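Computed from a prediction, not measured in an experiment: that's the story for all the values here.
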Amino acid sequence: MTQQITRVDRLFVERKRERNVMDYDDLLLNWKRILMEKDEVARLLQEQFQHVLVDEYQDTNRLQTEIVDLLAAKHRNVMVVGDDAQSIFAFRGAAVEGIYEFPKRYPDAQVFRLETNYRSTPEILAVANVSIAANRRQFTKTLRAARPSLGLSPALVPCRDADQQAAFVASRILELRDEGLGLSEMAVLYRSHYHSLELQLELTRRGIPYRVRSGVRFFEQAHIKDVVSYLRLVANPRDELAWKRVLRLIPNVGAATANRVWERIAYAPDPLALVVRGEADTAGSKRGTSWAEFRALLEELTKDETRRAPGRQIEIILTRGYEAYLAANYENAEARLEDLRQLAHYSARYDSTEDFLAELALLSTERYGAPQTIAGEDVVSGGEEDELLTLTSVHQAKGLEWRVVFIIWAADGKFPSPRSLRDAEGEEEERRLWYVALTRARDQLYLTYPLMVTDYTRQTLVQRPSRFVTEVPPELYEIWSLEEETNALTEAPAPEDGGGGGDVGGYLN
């Protein structure tokens with residue numbers, strides 16, 4: 001793999017030189033090289049630019065920071081504007097150290113804190129201020145609202161499970177719309193794209209039109225359609241589209257070979273059995289082990305103990321080759337794998353694969369989009385632009401605002417993400433991401449999380465609220481009860497440690 005990457009890099013560099021072009025990385029790298037290696041050019045530019053102004057400084061990477069410092073080396077008149085509490089793009093190379101170390105690099109610098117907030121109500125800012133205060137490294141500041149209070153504290157809404165969470169969000173959205181609030185003035189935010197799975201299905205059931213800013217809709221992603229196609233051909237061995245999609249996942253199998261295989265099995269009494277026995281292999285497919293592995297996978301999926309268990313089937317598909325396929329074909333393989341594991345957890349609630357696939361069929365009957373099957377390649381769209389609810393990851397929501405914001409899956413292990421907790425800086429960036437999510441809301445803010453989650457083995461696990469939730473005193477929330485008849489959800493003191501180490505009892509009896 002290293003040799004392949006090196007070869008591609010060499011060819012890419014040669015191709016750029018032949019065409020006399022540069023990409024964005026080249027522009028930065030060569031800019032810095034000129035400033036460091038060509039003294040006459042550096043002196044000219046440093047004399048010409050007497051003042052250097054930089055916006056969104058918290059999102060700069062180390063290379064950009066070094067270029068700014070080199071340009072300002074003569075006059076040292078640098079003004080940077082940024083909010084360290086909104087530095088959330090480390091995965092793109094942004095280095096928050098740039099803004100933290102600015103006063104060290106420029107000891108005579110003055111710091112001006114812009115603490116007046118014109119977006120959110122005092123109640124929303126109170127939660128945001130307490131949340132970000134838990135970060136060790138920061139330029140301390142306290143946001144003050146320019147707007148008057150509306151008398152609405154952020155609502156903390158514990159839900160029984162992911163289904164109730166989705167149902168609550170959808171119901172509340174409809175209530176707010178009945179009160180005159182447009183769908184375009186509301187948004188649902190989440191840490192990871194797969195967190196919207198249950199909600200997308202619930203919105204579809206209720207006919208609530210929506211758009212997804214964080215990517216294509218969950219079930220329209222290529223890796224989701226790949227795995228669902230395996231399930232479809234097991235449930236219906238005459239599903240031509242499913243067969244052709246799955247066949248093309250086999251190494252060295254293209255559309256022509258997939259078509260030939262389908263022609264052999266299309267009219268067989270049992271197409272699946274024909275393939276498992278190896279009687280559908282084409283001349284070219286008999287070489288190598290890929291086809292044998294494919295047939296072994298289908299045999300495993302059709303065993304009595306797995307045939308009607310979609311969660312177990314998805315796990316088998318992952319372990320018998322598809323996880324390796326993701327790693328070989330996608331840069332974001334780990335995120336796609338998370339999607340599929342979540343899909344396995346979600347599907348475990350169904351009694352059979354057929355029931356699960358019938359649920360997914362809802363996506364082809366949305367009232368605001370043209371009918372299409374789950375195998376369709378186009379993203380569903382529909383409704384007027386101002387009639388769409390927004391679903392988005394927090395990263396994609398930065399810089400935007402809505403009158404009403406729902407933050408779902410506010411649970412430890414979801415937000416913050418498990419990967420972020422490997423080091424202290426990872427947790428601090430997650431807290432900054434949480435802060436960005438909170439401050440997208442203008443008037444109303446709802447934080448929801450399920451109390452119970454079920455994995456693909458149908459084992460039910462207790463879910464803790466996010467440490468970012470429990471760091472805030474409960475009196476700053478309005479805690480909503482969705483189970484009043486059992487008196488299950490009542491307000492109580494926060495855990496003494498104020499962090500994620502506390503249990504659900506910190507807020508609930």
* Mark yes or no for whether Asn129, through its side chain, and Leu125, through its backbone, hold a donor-acceptor pair below 3.5 Å. => yes
* Which heavy atom in Asp59 sits nearest to a heavy atom in Ala94, and how many Å separate them? -> O-CB, 3.5 Å
* Asked: Salt bridge or not for Glu401 and Arg442, using N-O below 4.0 Å?
  -> yes
* Asked: Hey, are Ser131 and Glu471 close enough side-chain-wise for a donor-acceptor pair under 3.5 Å?
  -> no
* Distance-only, no hydrogens or angles: does the Tyr477 side chain make a donor-acceptor pair with backbone N or O of Val469 under 3.5 Å? -> yes
* Between Asp84 and Arg432, does at least one N-O distance fall below 4.0 Å, as a salt bridge requires? -> no
* With the threshold set at 4.0 Å, does a side-chain nitrogen-carboxylate oxygen contact exist between Glu175 and Arg172? -> yes
* Structure fact -> All heavy atoms of Ala170 vs all of Ile208, minimum pair found to be O-CD1, 3.9 Å
* Structure fact -> Which of Glu198, Gln165, Gln164, Arg160 passes side-chain contact (heavy atoms from CB on, under 4.5 Å) with Pro450? Answer is Gln165
* **Among Arg467, Gln463, Arg464, the one residue meeting side chain to side chain donor-acceptor pair (under 3.5 Å) with Asp412** => Arg467
* Pair Tyr106, Asp69: side-chain N/O donor-acceptor within cut-off below 3.5 Å -> yes
* Please report the closest heavy-atom contact between His223 and Leu340, naming both atoms and the distance. => O-CD2, 3.7 Å
* Asked: Between the side chains of Gln396 and Thr392, does any donor sit under 3.5 Å from an acceptor?
  -> no
* Under 3.5 Å, is there a donor-acceptor pair between the side chain of Glu387 and the main chain of Ser184? -> no
* Asked: Going by distance alone, is a donor N or O of one side chain under 3.5 Å from an acceptor N or O of the other, for Arg119 and Thr439?
  -> no
* Asked: How far apart are the closest heavy atoms of Val127 and Pro154, and which atoms are they?
  -> CG2-CG, 3.8 Å
* Asked: Is Trp409 reaching over with its side chain to a backbone N or O of His195, donor-acceptor style, under 3.5 angstrom?
  -> yes
* Mark yes or no for whether Asn332, through its side chain, and Ala335, through its backbone, hold a donor-acceptor pair below 3.5 Å. => no
* Asked: Is it true that Arg422 and Glu427 have a side-chain N and a carboxylate O under 4.0 angstrom from each other?
  -> no
* Is any side-chain heavy atom of Leu197 closer than 4.5 Å to a side-chain heavy atom of Leu343? -> yes
* **Arg336 bridged to Glu331 by N-O distance under 4.0 Å** => no
* Dump the intermediate steps for side-chain hydrogen bond (donor to acceptor under 3.5 Å, both in side chains) on Ser171 and Arg206, then the final yes or no. => CA-CA 9 Å; Ser171 297; Arg206 299 188 184 219; 2.9 Å; yes
* **Check: His75 side chain, His51 main-chain N or O, donor-acceptor pair, under 3.5 Å** => no
* To do: Run the salt-bridge test on Lys32 and Glu66 with the 4.0 Å N-O cut-off and return the result as yes or no.
  => yes
* **Pair Gln444, Tyr446: side-chain N/O donor-acceptor within cut-off below 3.5 Å** => yes
* Asked: Can you tell me if Arg147 and Tyr118 form a side-chain donor-acceptor pair at under 3.5 Å?
  -> no
* Asked: Could Glu14 and Arg10 be called an ion pair, given the rule that one side-chain N must be under 4.0 Å from one carboxylate O?
  -> yes
* To do: Give the minimum heavy-atom separation between Gln58 and Asp83, together with the two atoms involved.
  => OE1-N, 3.0 Å
* Asked: In terms of side-chain geometry, is the basic nitrogen of Arg144 or Glu115 positioned less than 4.0 Å from the acidic oxygen of its partner?
  -> yes
* **Under 3.5 Å donor-acceptor, Glu185 side chain and Gly182 backbone** => yes
* Asked: Sub-3.5 Å donor-acceptor pair from the side chain of Ser466 to the main-chain atoms of Phe415, do we have one?
  -> yes
